[in-house]
Amino acid sequence: MNFHPRSMLFVSGEKSERFARAFEAGSDLVCIDLEDAVHPARKAEARQRVLGWLADNPERPGGARRAVRVNGIRTLDGLRDLLALAESGIALDALLVPKVESAADLHCLGAWLGDRAPAVVALLETPSAIEQAGRIAGAGLPLAALMLGGADLSAEIGANFDWTGLLHARGRLVNAAKAAGLQAWDVPHIALDDVDDLVEETRRAIAMGFDCKTAIHPRQIDPIHSAFAPTAAEAEWAKALLQAMPADGASGAFLFQGRMVDAPVIRKAHRIVARAASNRSQPPGGRPDGPDSKEGR
């Protein structure tokens, strides 16, 4: 994946009147959902509506990149989604694949789509998927990220759908993703009115190694982006450290503010500077009406 979203906003594939507003909400990526957010009896109608809208709006309204979440590829609706996408010729930035259970699922996807496949994000939503996270992450291109499917997973293991209940799965997913050079995306925060908890959960996710926090309502985007922005003290420290590096650019250890600094600390400083630059370059979004709370879970 040649881009690194901080945020991704889900919008229901049944709610075409919300598509344009979702793209103008300020998120880095918008995912039109054909899976959980669409009634089983209206899958075909939603598929046709989504593909039609994407074909008519190729320029990414609002500037956000665009993705689609298909139905699970082990289902007939998932196969129909993939076939329709392949035949449409529509260009996507990312394709979210739910209910991934093994690397074989992704091998099939690569065989079907070939060079037409966009960056693939595999959702891990079951205990067996978490156990297979390393093998799934090693499936190869076009896989670009692993994402936690918290609602299904917490229901299957009998855990709370919160930070503590999903902590073990989060750690397993991040480690598998990073070991394979992939991005790790976190599950949406479902308490829409608890902004403080959203910011705190996002900061915890970033500290754990997640690259993207997904969202189910436009008003969650600004808090997510604020959580990704380093504090003034962090940014000042990182900038000063990089300026204090030896002139020859050597990454060996040196003394800075009374502490020894080596290559891992320098990499941390570079990440903080990059996060600060990313947040400066992304203006906050608007406040259109959001999708249903089930989306993205």
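Of the listed residues (Lys99, Arg135, Arg74), just one forms a salt bridge (charged side-chain N to carboxylate O under 4.0 Å, His left out) with Asp105, and that residue is Arg74. When each of Leu34, Ile32, Asp36 is paired with Arg69, the side-chain contact (heavy atoms from CB on, under 4.5 Å) condition holds for Asp36 and for no other. Among Arg47, Arg49, Lys43, Arg42, the single residue meeting the salt bridge (charged side-chain N to carboxylate O under 4.0 Å, His left out) criterion with Glu45 is Arg49.
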Intermediate values then yes/no, side-chain contact (heavy atoms from CB on, under 4.5 Å), Leu113 and Leu82: CA-CA 8 Å; Leu113 296 181; Leu82 291 172; 4.2 Å; yes
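Considering every non-hydrogen atom in both Pro127 and Leu153, the closest pair reads N-CD1, 3.6 Å. Summarising the geometry of Gln220 relative to Leu192, their closest heavy-atom pair is NE2-CD2, 3.5 Å, with the distance given to 0.1 Å. The two atoms that bring Leu95 and Pro118 nearest to each other are CB-CG, 3.6 Å, heavy atoms only. Nearest heavy-atom pair across Ile157 and Gly165 is CD1-O, 4.3 Å. Closest approach of Ala227 and Arg203 over heavy atoms only: CB-CG, 3.8 Å.
Side-chain contact check for Phe210 versus Leu173: some heavy-atom pair is nearer than 4.5 Å. Side chains of Leu143 and Leu182 form a contact here, defined as non-hydrogen atoms less than 4.5 Å apart. Counting only heavy atoms from C-beta outward, the side chains of Leu167 and Arg204 never approach each other to under 4.5 Å. Side-chain contact between Glu35 and Pro98 is present, with heavy atoms from C-beta onward closer than 4.5 Å. Val265 places a side-chain heavy atom less than 4.5 Å from the side chain of Asp262. Thr126 has its side chain out of reach of Glu131: every pair of non-hydrogen atoms, C-beta onward, lies at least 4.5 Å apart. By the 4.5 Å heavy-atom criterion applied to side chains, Leu96 and Val68 are not counted as neighbours. Put simply, the side chain of Val97 reaches to within 4.5 Å of the side chain of Ile73, judged on heavy atoms.
Judged by distance alone, the side chain of Arg66 and the main-chain N or O of Leu54 form a donor-acceptor pair under 3.5 Å. Of the possible polar contacts, none joining the Ser27 side chain to the Ser7 backbone as a donor-acceptor pair under 3.5 Å is found.
Inspection of the Gln132 and Ser102 side chains reveals no N or O donor paired with an N or O acceptor under 3.5 Å.
Clustering of Ile, Leu, Val, Met, Phe, Trp and Tyr side chains at separations under 4.5 Å places Phe228 together with Leu198, Ile206, Ile224. Leu255 belongs to a hydrophobic cluster with Met260, counting contacts under 4.5 Å between side-chain heavy atoms of Ile, Leu, Val, Met, Phe, Trp and Tyr, direct or through other members.
The local environment of NZ in Lys178 is crowded, with over 12 non-hydrogen atoms from other residues, nucleotides or ligands closer than 6.0 Å.
Geometric assessment of Arg65 against the ring of Phe3 yields a positive cation-pi assignment under the 6.0 Å and 45° thresholds.
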